[in-house]
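Some notes on the structure that comes next.
This one's a predicted model, so the numbers in the text were calculated from it and none came from an experiment. Worth knowing before you read on, the calculation uses all heavy atoms, side chains too, and leaves out hydrogens, waters and symmetry mates. Sequence lines set the chain letters: A, B, ... in the order given, protein chains first and strands last, and positions in each chain run from 1.
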Amino acid sequence: AQSVTQPDIHITVSEGASLELRCNYSYGATPYLFWYVQSPGQGLQLLLKYFSGDTLVQGIKGFEAEFKRSQSSFNLRKPSVHWSDAAEYFCAVGPSRAAGNKLTFGGGTRVLVKP
Amino acid sequence: GAVVSQHPSWVICKSGTSVKIECRSLDFQATTMFWYRQFPKQSLMLMATSNEGSKATYEQGVEKDKFLINHASLTLSTLTVTSAHPEDSSFYICSARDLTDLYGYTFGSGTRLTVV
């Protein structure tokens, strides 16, 4: 069965500092991986996705993620955080033959940005 | 880009009444739509998957008769919370999968339901 683990529930970072959010997945084949961001009271916005090709994926808002098959990881990074990056971030995997069309989400990481 | 409109964004209803939430894909056709429930400070919990013209597939533990899902067209799915109770109060989010981009999952902005 596919699953996603985001080990960090909360991360606090100073504005201008770098950010890395961890994501580990379990998947039967070549994974389809996603990072979404959710602002309070809002839906989810896609930051980036990966399913083949270059393992370093560029997304919106200056985010990037690197797929590492050997570590079953898909960590999200941003070199310099802005106050507007304070939000909840979700890693997801899917779809698959076993799980069908649905995405499986991690528990999320809440990012707080200090001025 | 792909846009999903979810309406209403918030609703307050009395116990025992029913509430309908709409999810529309505005600029693409959706083969599949998904309904999630999200509790405060938690991840999304998938409630059901619906395909246009067929019955929804509900996740284990989700009451089919309480959460009615209709997917009548390739651009519209509705979730009706029947005989709502305070414990149904939550944030509900829909997602639509693009017919032409099978890895394109677009989310609505969510509906905050409060049952009083």
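By the 4.5 Å heavy-atom criterion applied to side chains, A:K102 and B:T32 are not counted as neighbours. Between A:P95 and B:R97 the shortest side-chain heavy-atom distance falls below 4.5 Å. Contact annotation: the side chain of A:L46 never approaches that of B:T106 to less than 4.5 Å [non-hydrogen atoms, C-beta and beyond]. When side chains are defined from C-beta on, A:N101 counts as touching B:F34, because their heavy atoms get closer than 4.5 Å.
Using a 4.5 Å cut-off between heavy atoms, B:F91 contacts chain A through its side chain alone, with no backbone atom that close. In this structure, chain B has a heavy atom under 4.5 Å from the side chain of A:Q38, while its backbone stays farther away. Using a 4.5 Å cut-off between heavy atoms, A:I9 does not touch chain B at all. Only the side chain of B:Q38 comes within less than 4.5 Å of a heavy atom in chain A; its backbone stays farther off.
Scanning for ring-ring contact (aromatic ring centres under 6.0 Å, His included) contacts around A:Y27 gives an empty result, with sequence neighbours left out. Looking at residues two or more places apart in sequence or on another chain, you find no ring-ring contact (aromatic ring centres under 6.0 Å, His included) involving B:F67.
Hydrophobic cluster membership is shared by B:L79 and B:Y58, with clusters built from Ile, Leu, Val, Met, Phe, Trp and Tyr side chains linked at under 4.5 angstrom. Taking hydrophobic clusters as Ile, Leu, Val, Met, Phe, Trp and Tyr residues chained together by side-chain heavy-atom distances below 4.5 Å, B:V81 shares a cluster with B:V11. Transitive grouping of hydrophobic side chains (ILVMFWY, heavy atoms separated by less than 4.5 Å) brings A:I11 and A:Y89 into a common cluster. When hydrophobic clusters are built by joining Ile, Leu, Val, Met, Phe, Trp and Tyr residues whose side-chain heavy atoms come closer than 4.5 Å, directly or via intermediates, A:I60 is grouped together with A:L21. In the hydrophobic clustering of ILVMFWY residues, with side-chain heavy atoms under 4.5 Å counting as a link, A:F74 and A:V4 come out together.
Other residues, nucleotides and ligands contribute over 12 non-hydrogen atoms within 6.0 Å of the NE2 atom of A:H82. The neighbour count for B:K55 NZ, taken as heavy atoms of other residues, nucleotides or ligands under 6.0 Å away, does not exceed 12.
For the pairing with B:F107, the ring-ring contact (aromatic ring centres under 6.0 Å, His included) check across A:F90, A:Y36, A:F34 returns one residue only, A:Y36.
Between A:E88 and B:K41 no salt bridge is recorded (no basic side-chain N to carboxylate O distance below 4.0 Å).
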| query | Are B:L44 and A:L44 close enough, and set up right, to give a side-chain contact (heavy atoms from CB on, under 4.5 Å), and what steps lead you there? | reply | CA-CA 10 Å; B:L44 284 73; A:L44 275 65; 3.9 Å; yes
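Taking non-hydrogen atoms and a 4.5 Å limit, the residue list of residues 104-115 of chain A in contact with chain B, ordered by number, reads A:F105, A:G106, A:G107, A:R110.
Pairs engaging residues 33-62 of chain A under the disulfide (SG to SG under 2.5 Å) rule: none recorded [sequence neighbours left out].
Interface check for chain A: of the options B:G104, B:G110, B:S109, the most heavy-atom pairs under 4.5 Å are formed by B:S109.
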